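Step one of this worksheet: look at the structure below.
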Amino acid sequence: MALDKIGIAKRIAQELENGWYVNLGIGIPTLVANYVPKGIEVEFQSENGILGMGPFPFDGEEDADLINAGKQTVTLNPGASIFDSATSFAMIRGQHVQLTVLGAMEVAQNGDIANWKIPGKMVKGMGGAMDLVASAQNIIVAMMHTNKKGDSKILSTCSLPLTGVNCVTKVVTNLAVMSVKDNAFHLIERAPGVTVEEIKNATAGKLIVPDVVPEMNI
Amino acid sequence: MALDKIGIAKRIAQELENGWYVNLGIGIPTLVANYVPKGIEVEFQSENGILGMGPFPFDGEEDADLINAGKQTVTLNPGASIFDSATSFAMIRGQHVQLTVLGAMEVAQNGDIANWKIPGKMVKGMGGAMDLVASAQNIIVAMMHTNKKGDSKILSTCSLPLTGVNCVTKVVTNLAVMSVKDNAFHLIERAPGVTVEEIKNATAGKLIVPDVVPEMNI
Amino acid sequence: MNKVVNSVEEALEGVTDNMTLMLGGFGLCGIPENCISELARLGIKNLTCISNNAGVDDFGLGLLLRTKQIKKMISSYVGENDEFERQMLSGELEVDLIPQGSLAERCRAGGAGIPAFYTPAGYGTEVAEGKEVKVFNGKPHILETALSADFAFVKAWKGDTEGNLIFKATARNFNPLMAMAGKITVVEVEELVPAGELDPNFIHTPGIFVQRIFKGEKFEKRIEQRTVRQK
Amino acid sequence: MNKVVNSVEEALEGVTDNMTLMLGGFGLCGIPENCISELARLGIKNLTCISNNAGVDDFGLGLLLRTKQIKKMISSYVGENDEFERQMLSGELEVDLIPQGSLAERCRAGGAGIPAFYTPAGYGTEVAEGKEVKVFNGKPHILETALSADFAFVKAWKGDTEGNLIFKATARNFNPLMAMAGKITVVEVEELVPAGELDPNFIHTPGIFVQRIFKGEKFEKRIEQRTVRQK
C-alpha cells in the first residue's frame with residue numbers, strides 16, 4: 001500500500017543522524033519533526049531565524065512574534081537561538097546544516113529539482129529553497145510519486161523552471177525510496193505492498209533496480 | 001607659533017557637526033574627543049566594536065574587556081552599543097560614519113595617503129585605515145607638517161606605499177589647515193603666528209594660497 | 001543623538017511617489033504595520049517595494065497592493081496573496097523574485113558598502129539569467145548586487161531615543177538588514193525607552209543605522225497560521 | 001547537542017602541524033588564552049594563523065612567535081610585537097597584511113558560504129595587487145575571497161552546553177566571525193551554563209557554529225594600554 005504523507009515523513013525520519021542540524025521545508029517535510037527516532041538528537045533550523053525549534057504551542061500560548069518558515073506558530077526548545085535572516089542563510093549557505101528536506105513538483109535523474117513556479121499559472125516564489133538546494137550537501141525530496149493527473153514527477157529532465165541543478169541526493173515518495181546519482185534514480189526501498197513494477201510504471205526518469213528491493217520498515 | 005598635538009586636535013574639533021558619527025584614529029585624532037564644542041553632539045565609533053565610546057575609566061574601574069581601537073581602556077556613554085568587527089566595518093564601508101580623522105606619514109595633493117608601511121623598515125599594518133579611507137566621504141588627516149628630519153609630509157605624490165587614493169578631503173597640521181581638491185592643497189588657515197611663507201617652505205606639494213589667509217581661532 | 005519623531009506622519013515625511021522602499025517582516029511577523037497604514041492613507045503611488053513577502057489580501061503589503069500603489073515588488077515568496085498573483089499574472093505588477101538568502105544578503109550588502117558578492121543560490125535557474133558566473137572551489141556561483149532603498153521601514157520590539165533596537169523572537173527576520181540599507185531608516189517600536197536603558201551588549205541594531213524612531217500607535221500582530229496543540 | 005569537552009587537551013585534539021588556524025581577539029582583548037597556551041605546550045609547528053593582531057612579545061600569539069611555531073600570519077595590524085617585526089623583516093615569517101574590515105568580512109564570508117565579495121578597501125594600494133577590479137556606482141572595488149580555517153579558536157564570556165555564545169563588551173570583535181569560519185570551532189568560556197539558561201533572543205553566536213566548548217582554566221586578561229582618569 002502506498003504511503004500517506006505521514007508515512008513519507010516517518011520514512012524520512014529514519015534518515016536522521018545524531019547531532020544533525022536539519023532544515024525542514026513546508027508541507028510533508030514539516031511532519032518529519034514528529035517522528036525523530038528514539039536516541040537520536042537533532043536540532044531543527046527554520047530559515048526565518050530559529051535554531052532549536054520546538055513543537056506547536058499549547059492552545060492560548062501562541063505568540064504572533066514566534067513563527068516558523070511556514071508562518072505557523074511554534075515554540076523554542078531549551079538551548080534555542082534566534083537570529084536575523086542573513087545569519088540564517090549564512091548557516092545554510094555555509095553548509096552548517098547537515099540535512100535539508102523539501103517538497104518538489106518535479107525531480108530529474110541528474111538531481112535537478114523544480115518547485116517554485118508554473119509559468120503563466122502559479123508563481124509563489126522560491127522562498128529559501130534556491131539557497132537550500134544550492135548549498136546543502138544532503139538534500140532529500142519528500143513528495144508524491146505522481147501528480148494529481150497521475151503523471152510521474154520523477155523525470156529524465158524537469159519541464160518546469162528549475163530551483164536548483166544536480167543537487168537532490170535522495171527522493172522519498174509514497175511508493176519508494178530512491179537515491180539520485182550517476183544520472184539515474186536508484187531504487188532502494190519499496191513502500192509496503194508496492195511492487196517494483198508499480199514503481200517502474202510511475203517513474204518517467206531512468207530507474208536502476210537492484211536484484212533485491214526490500215520493503216520499507218515504517 | 002606652530003600648534004602642538006593638542007592644538008591640532010582642538011582645531012579639528014571645530015570641524016565637528018551636530019549629529020555626526022565620528023571615527024578617530026590612533027594618536028592625535030584620539031585627542032579630538034576631548035574638545036567637542038559646546039552644543040555639538042557627536043558619537044564616537046571605535047572600529048573594534050563600539051558606538052558611543054566614552055572617556056577613560058576612573059582609576060580602578062578599567063575593564064580588560066572594554067577597549068578602543070588603540071587598545072586603551074575606555075567606557076561607554078549612555079545609549080552606546082557593542083558589535084562585532086564585521087558589523088563595525090559595515091558601518092564604515094556603508095558610509096554611516098560621517099567623519100574619519102586619522103594620522104598619516106604622507107599626504108599627496110591628489111588626496112592620496114600613506115600611513116602603514118616603510119618598506120624594509122617598519123611594517124605595522126594598515127589596521128582599519130584602508131577600509132576607512134576607501135569608504136569615508138569626509139577624511140581629515142591630523143599630523144605634523146614635516147617629519148623629524150624637517151622634510152615635508154605634504155607632497156606632490158606619495159613615496160611610501162599607499163593606504164588609499166584620492167580620498168583625503170582636509171589636512172590639519174601644526175602649521176595650517178588645508179583642503180585637498182583639484183590636485184592641490186588649498187590653504188585655509190594658518191596656525192597663530194605662523195606666516196604663509198613658513199607654510200610654503202614646509203610644503204612640497206602644490207599649494208594654492210588665497211589673498212587672505214586667516215589665523216586659526218583655537 | 002535623538003532620533004525620536006512624534007508621529008507616523010512625521011516619520012514618513014519625504015516619502016514620495018516612485019520611491020524604492022524596504023519593509024521588514026517575514027509573512028505578517030514583524031512588519032511595520034503603522035508605516036504601511038500611513039503609506040496607504042497617503043496614497044503614495046508607483047512604489048518599488050523590497051520585502052520578503054507581500055502580505056495577505058487585507059493586511060501587510062496587501063493593503064498597498066489592492067490600492068495599486070505598488071508598481072514593482074522585489075520578494076522571495078508571495079504565495080499567500082491572491083490579489084498579488086492576479087496582478088502579477090496579468091502583468092499589472094512587475095515582480096522580481098529572488099532567493100530568500102540572496103535577498104537578505106543583498107540588503108545587508110547594501111548597508112555594508114559591499115556592492116556585490118557571489119552566491120551559489122540560483123545558479124542554473126532563471127535567477128541566474130544575465131548574471132556573471134564564476135567558479136570557486138569547483139562550484140559555480142553567481143554575482144548578486146547590493147540592494148538599497150530611499151526609505152527602510154522597520155518594526156522593532158524596543159528601541160531607545162538614539163535608535164538602538166531590540167527585536168522579539170522571529171519578528172527580527174529581515175528588519176536588522178533593511179535597517180542597514182535604508183538611506184532613511186524609519187523604525188516603529190512597541191516600547192520606546194530613554195538612551196541608556198538597553199544593555200549595550202545586547203543591541204540587535206545599533207542606532208547609527210536609524211534616522212527616525214517612533215512608538216507605534218497600535219500593533220495588530222495578526223497570526224497567519226495559528227497552529228497549536230492541546231494540553 | 002552537547003558540545004562540551006572537559007579540558008583544553010581534549011579541545012585541541014586533531015590540531016596538527018601545517019594547519020590553518022583562526023584566533024579571535026583584538027589586541028589582547030578577547031583572545032583564546034587557554035588554547036594558545038596549549039598550542040605552545042604541544043609545540044605544533046608551521047602554522048598559518050589568521051588573527052587581527054599578533055599579540056605582544058610575551059602574551060597572546062607572541063607566545064607562538066617566539067617559539068617559531070608560526071610560518072605565516074594573516075593579520076591587519078601587528079605594531080605591538082617586536083619579535084614579529086624582526087621575523088618579518090628578516091623573512092623568517094611570511095606575512096599577509098590585509099585591511100581590518102576585509103579581514104572581518106572575509107571570515108564571515110568563509111562561514112556564510114560566500115566565496116568572494118567586492119570592497120573598496122585597498123583599491124590603488126599593494127593590497128589590490130593581483131586582484132580583480134570592478135567599478136560599481138563609479139567607484140572601483142576589488143574582489144576579496146573568503147577565508148576559512150581547519151580550527152577556529154574563540155573566546156566567549158558565557159556559553160551553554162549546546163555551544164550558544166555570549167561575548168562581553170569589545171571582547172566580541174572577531175570572535176563571532178571566526179566561529180562561523182572554522183571547520184572545527186573550539187570555544188573557551190569563562191562561564192559554562194546548561195542549555196536553556198541563556199535567553200534565545202540574545203545569543204551572539206548560535207551553537208550551530210560551534211563544535212567544542214570548554215570552561216577555560218584561567219584567564220589573565222592582560223590590559224595592553226591601561227588608560228584611566230582620576231576621580
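Chain identifiers are assigned alphabetically (A, B, ...) following the order of the sequence lines, protein sequences preceding nucleic acid strands; residue numbering begins at 1 within each chain. All values derive from a computational prediction rather than experimental measurement.
Using a 4.5 Å cut-off between heavy atoms, N68(A) contacts chain C through its backbone alone, with no side-chain atom that close. Within the 4.5 angstrom heavy-atom criterion, only side-chain atoms of K117(A), from C-beta onward, approach chain C. Proximity to chain A (any heavy atom under 4.5 Å) is restricted, for E85(C), to the side chain, taken from C-beta onward. Heavy atoms closer than 4.5 Å to chain C are found nowhere in I92(A), neither backbone nor side chain. With a 4.5 Å cut-off on non-hydrogen atoms, I98(C) touches chain A through its backbone but not through its side chain. Neither the backbone nor the side chain of T87(A) comes within contact range of chain C; no heavy atom of the residue lies under 4.5 Å from a heavy atom of that chain.
Atom CD of E61(A) sits in a crowded spot, with more than 12 heavy atoms from other residues, nucleotides or ligands closer than 6.0 Å. More than 12 heavy atoms of other residues, nucleotides or ligands sit less than 6.0 Å from atom NZ of K71(C). In this structure, K221(C) places its NZ atom where more than 12 heavy-atom neighbours from other residues, nucleotides or ligands lie under 6.0 Å away. N137(C) CG: 12 or fewer foreign heavy atoms inside a 6.0 Å radius.
No donor-acceptor pair closer than 3.5 Å links the side chain of T227(C) to the backbone N or O of F56(A). Of the possible polar contacts, one joining the D131(A) side chain to the Q100(C) backbone as a donor-acceptor pair under 3.5 Å is found. At distances below 3.5 Å, not a single donor-acceptor pair connects side-chain atoms of D84(A) with backbone N or O atoms of L177(C).
The closest side-chain heavy-atom distance from L89(C) to V123(A) is below 4.5 Å. Using a 4.5 Å cut-off on side-chain heavy atoms (C-beta onward), Y77(C) and M126(A) make no contact. Contact check for R93(A) versus P120(C): side-chain heavy atoms found under the 4.5 Å cut-off. In this structure, V127(C) and M130(A) have side chains that are in contact, with non-hydrogen atoms separated by less than 4.5 Å. Looking at heavy atoms from C-beta onward, V228(C) lies out of side-chain contact with F58(A) at the 4.5 angstrom threshold.
Within the model, atoms OG1 of T73(A) and CD of Q225(C) stand 9.0 Å from one another, a figure rounded to the nearest 0.5 Å. If you take OG1 on T119(C) and CZ on F89(A), they are separated by 10.0 Å, rounding to the nearest 0.5 Å. Atom-to-atom distance recorded for S46(A):OG and F26(C):CZ is 6.5 Å, nearest 0.5 angstrom. Summarising the geometry, atom CG belonging to D63(A) is positioned 7.5 Å from atom CD1 belonging to I223(C); distances are rounded to the nearest 0.5 Å.
Look at D65(A) and R172(C) and you find no salt bridge, because none of the NZ, NE, NH1 or NH2 atoms lies under 4.0 Å from a carboxylate O.
For the set N48(A), V165(A), L132(A), the count of heavy-atom pairs under 4.5 angstrom toward chain C peaks at N48(A). Between chain A and the options G124(C), S102(C), A121(C), S76(C), heavy-atom pairs under 4.5 Å are most frequent for S76(C). With chain C as the partner, the residue from I50(A), D112(A), L162(A) showing the most heavy-atom pairs under 4.5 Å is L162(A). Put simply, of R108(C), E105(C), E126(C), the one with the most heavy-atom pairs under 4.5 Å next to chain A is E126(C). Counting heavy-atom pairs closer than 4.5 Å to chain A, the top residue among P99(C), A54(C), G79(C) is P99(C). With chain C as the partner, the residue from A64(A), A134(A), S85(A), G125(A) showing the most heavy-atom pairs under 4.5 Å is S85(A). Chain C forms more heavy-atom pairs under 4.5 Å with one residue of A114(A), A80(A), A69(A), G49(A) than with any other, namely A69(A). With respect to chain A, the highest number of heavy-atom pairs below 4.5 Å among V95(C), N81(C), L97(C) belongs to L97(C). Between chain A and the options F84(C), F167(C), F174(C), heavy-atom pairs under 4.5 Å are most frequent for F174(C).
The two atoms that bring I82(A) and T170(C) nearest to each other are CD1-CG2, 4.1 Å, heavy atoms only.
With respect to K71(A), the side chain to side chain contact (heavy atoms under 4.5 Å, CB included) criterion is satisfied by exactly one of N53(C), V56(C), L28(C): N53(C).
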